[in-house]
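One structure is given below, encoded as structure tokens.
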Amino acid sequence: MRIAVTGSIATDHLMTFPGRFADQFVADQLHTVSLSFLVDNLDVRRGGVGANIAFGMGQLGTKPVLVGAAGFDFDDYRAWLDRHGVDTESVRISETLHTARFVCTTDADHNQIGSFYTGAMSEARLIELKAVADRVGGLDLVSIGADDPEAMLRHTEECRSRSIPFAADFSQQIARMEGEEIRILLDGATYLFSNAYEKGLIETKTGWTDAEILSRVGHRVTTLGSRGVRIERSGEEPIEVGCPEEERKADPTGVGDAFRAGFLSGLAWGVCLERAAQIGCMLATLVIETVGTQEYQLRRGHFMERFTKAYGDVAAEEVQAHLG
């Protein structure tokens, strides 16, 4: 099963200020703020939802096709993804813009001041999925993740017109989207991904009930944090899968992307929905135990040992046959 993953490609520049932002502000001068913070360290991390999901799928050996836009500074990031099993040949490279970037400073009280530069991400709307499908010999599923909003709409419409099954996954972009955009993006999706909060927001913004949304999508996949995930289909009993036991909780960033990577990999292997969700939850657990969205290592023996403990021998035997 050939899966294309569309979505943002970005780098995060994370800095730490040892003091408190609040101590630097003068109450009657807030209209003319001019501040510079001397930071202690700089942590540069690879990110972006499209790249995070594709990286996880690459770790599991399912050879995803990453579709997105990056800048002329993408060479090192591309090499990293290539080494980890991601097909990056369909990434559009801007001739004039940098790769999208998030720059954030965190103070001693964990307050944050950040800026997001969209950069080359705005060119994702110029990508045609037909060219991607022709290059790889066809697409069985396109995961449409948070990206340039125009790109998300274009990819969705193209999937419909070319009868390519697609997954709708708004994540960070749902906050800026209006109800009509969300209705367009989810209608006819084979899979609709969201967390529990986003689930409610989708219903509020579209004006559609849960039942109405289920009638418009094949499967509704809702992540529930530490409680795992629920998969719903119209007229069917829901499937609920819990999370494996965590060894530690280091950083929740990228956990949702990791779940999607595991779930989509399960679909690529052709396992059942319950098993795909278990793979997703296991990969998400590895990410929450690691600082950074692509800093974890998937050691197959360790992965299978913990998967077996969480979900049993029968489930593990089926997954082991694909994981190798």
Side-chain angles (χ1 to χ4, degrees), residues 3-14 44-58 64-78 80-82 84 86-94 96-104 114-129 132 142-156 158-159 166-177 181-182 185-186 191-195 198 223 251-261 263-264 284 287 292-295:
I3 299 177
V5 178
T6 79
S8 60
I9 302 168
T11 57
D12 297 339
H13 292 239
L14 309 177
V44 180
R45 298 181 191 160
R46 306 169 189 91
V49 297
N52 289 342
I53 294 170
F55 174 85
M57 294 178 69
V65 179
L66 177 60
V67 178
F72 53 81
D73 55 349
F74 185 59
D75 287 352
D76 288 345
Y77 199 165
R78 183 197 289 278
W80 165 266
L81 293 170
D82 289 343
H84 289 87
V86 178
D87 179 340
T88 62
E89 289 302 310
S90 291
V91 174
R92 176 186 172 87
I93 303 301
S94 173
T96 58
L97 299 171
H98 290 277
T99 300
R101 191 164 302 172
F102 178 58
V103 180
C104 182
S115 301
F116 185 78
Y117 166 74
T118 57
M121 191 175 83
S122 62
E123 295 187 11
R125 66 186 68 182
L126 304 177
I127 298 171
E128 184 181 21
L129 293 177
V132 180
V142 176
S143 175
I144 302 174
D147 203 346
D148 170 68
E150 289 297 322
M152 297 171 71
L153 289 165
R154 176 176 182 176
H155 297 335
T156 300
E158 189 174 356
C159 283
F166 67 95
D169 184 13
F170 318 124
S171 58
Q172 294 100 323
Q173 291 291 30
I174 193 171
R176 64 167 289 167
M177 288 180 171
E181 291 177 302
I182 297 171
L185 290 169
L186 72 80
Y191 301 94
L192 171 61
F193 289 102
S194 70
N195 61 33
E198 290 164 349
T223 56
D251 181 7
T253 308
V255 169
D257 297 337
F259 169 80
R260 288 151 175 78
F263 185 86
L264 293 172
V287 172
T293 59
Q294 297 179 29
E295 307 307 317

Pairwise distance OG1(T88) to CG(D82) - rounded to 0.5 angstrom
3.5 Å
In terms of ring plane angle, is the pair Y191 and F193 parallel, tilted or perpendicular, where the classes change at 30° and 60°?
parallel
Heavy-atom closest contact (V5 atom, A54 atom, distance):
CG1-N, 4.4 Å
Between the side chains of S122 and D148, is a donor N or O closer than 3.5 angstrom to an acceptor N or O?
no
Heavy-atom check, side chain of I93 versus side chain of R78, under 4.5 Å:
yes
To the nearest 0.5 Å, how far apart are CZ in F55 and CD in E295?
7.5 Å
What are the two closest non-hydrogen atoms of G71 and A120, and how far apart are they?
N-CB, 3.6 Å
Do I3 and P64 have side chains that approach each other closer than 4.5 Å (heavy atoms only, starting at C-beta)?
no
Donor-acceptor pair, distance only, cut-off 3.5 Å: does the side chain of Y77 make one with the backbone of G47?
yes
Quick one: does V103's side chain get under 4.5 Å of Y117's, heavy atoms only?
no
Restricting to non-hydrogen atoms, name the atom on A51 and the atom on L66 that form the minimum distance, rounded to 0.1 Å.
N-CD1, 3.9 Å
Criterion side chain to side chain contact (heavy atoms under 4.5 Å, CB included) on F170 and E198, from CA distance to verdict
CA-CA 9 Å; F170 318 124; E198 290 164 349; over 6 Å; no
If you apply the rule ring-ring contact (aromatic ring centres under 6.0 Å, His included), what do you find for F102 with H13, and how did you get there?
CA-CA 6 Å; F102 178 58; H13 292 239; 9.8 Å; no
Nearest heavy-atom approach of T118 to A100 is O-CB, 3.3 Å
Among V49, I53, V255, the one residue meeting side-chain contact (heavy atoms from CB on, under 4.5 Å) with R260
I53
Which distance, rounded to the nearest 0.5 Å, do you find between the CZ of F116 and the OG of S8?
6.0 Å
Would you check if the side chain of E158 reaches a backbone N or O of L129 as a donor-acceptor pair within less than 3.5 Å?
yes
Ignoring hydrogens and geometry, is there a side-chain-to-backbone donor-acceptor pair from S94 to A70 under 3.5 Å?
no
Looking at every heavy atom in both Q173 and A146, which two are closest together, and how far apart are they?
CG-CB, 3.8 Å
Among V86, I9, D76, whose side-chain contact (heavy atoms from CB on, under 4.5 Å) with L81 holds?
V86
Run the numbers on M177 and L185 for side chain to side chain contact (heavy atoms under 4.5 Å, CB included), then give the verdict.
CA-CA 10 Å; M177 288 180 171; L185 290 169; 3.5 Å; yes
Quick one: CG on D251 to OG1 on T293, what's the gap to the nearest 0.5 Å?
8.5 Å
Please report the interatomic distance CG(L153) to CD(E181), rounded to the nearest 0.5 Å.
6.0 Å
Residues T156, F166; criterion side chain to side chain contact (heavy atoms under 4.5 Å, CB included); working and verdict:
CA-CA 7 Å; T156 300; F166 67 95; 3.9 Å; yes
Hey, could you give me the CD1/NE2 distance between I144 and H155, rounded to the nearest 0.5 Å?
7.0 Å
Going through the distances and angles, do F259 and V287 end up as a side chain to side chain contact (heavy atoms under 4.5 Å, CB included)?
CA-CA 9 Å; F259 169 80; V287 172; over 6 Å; no
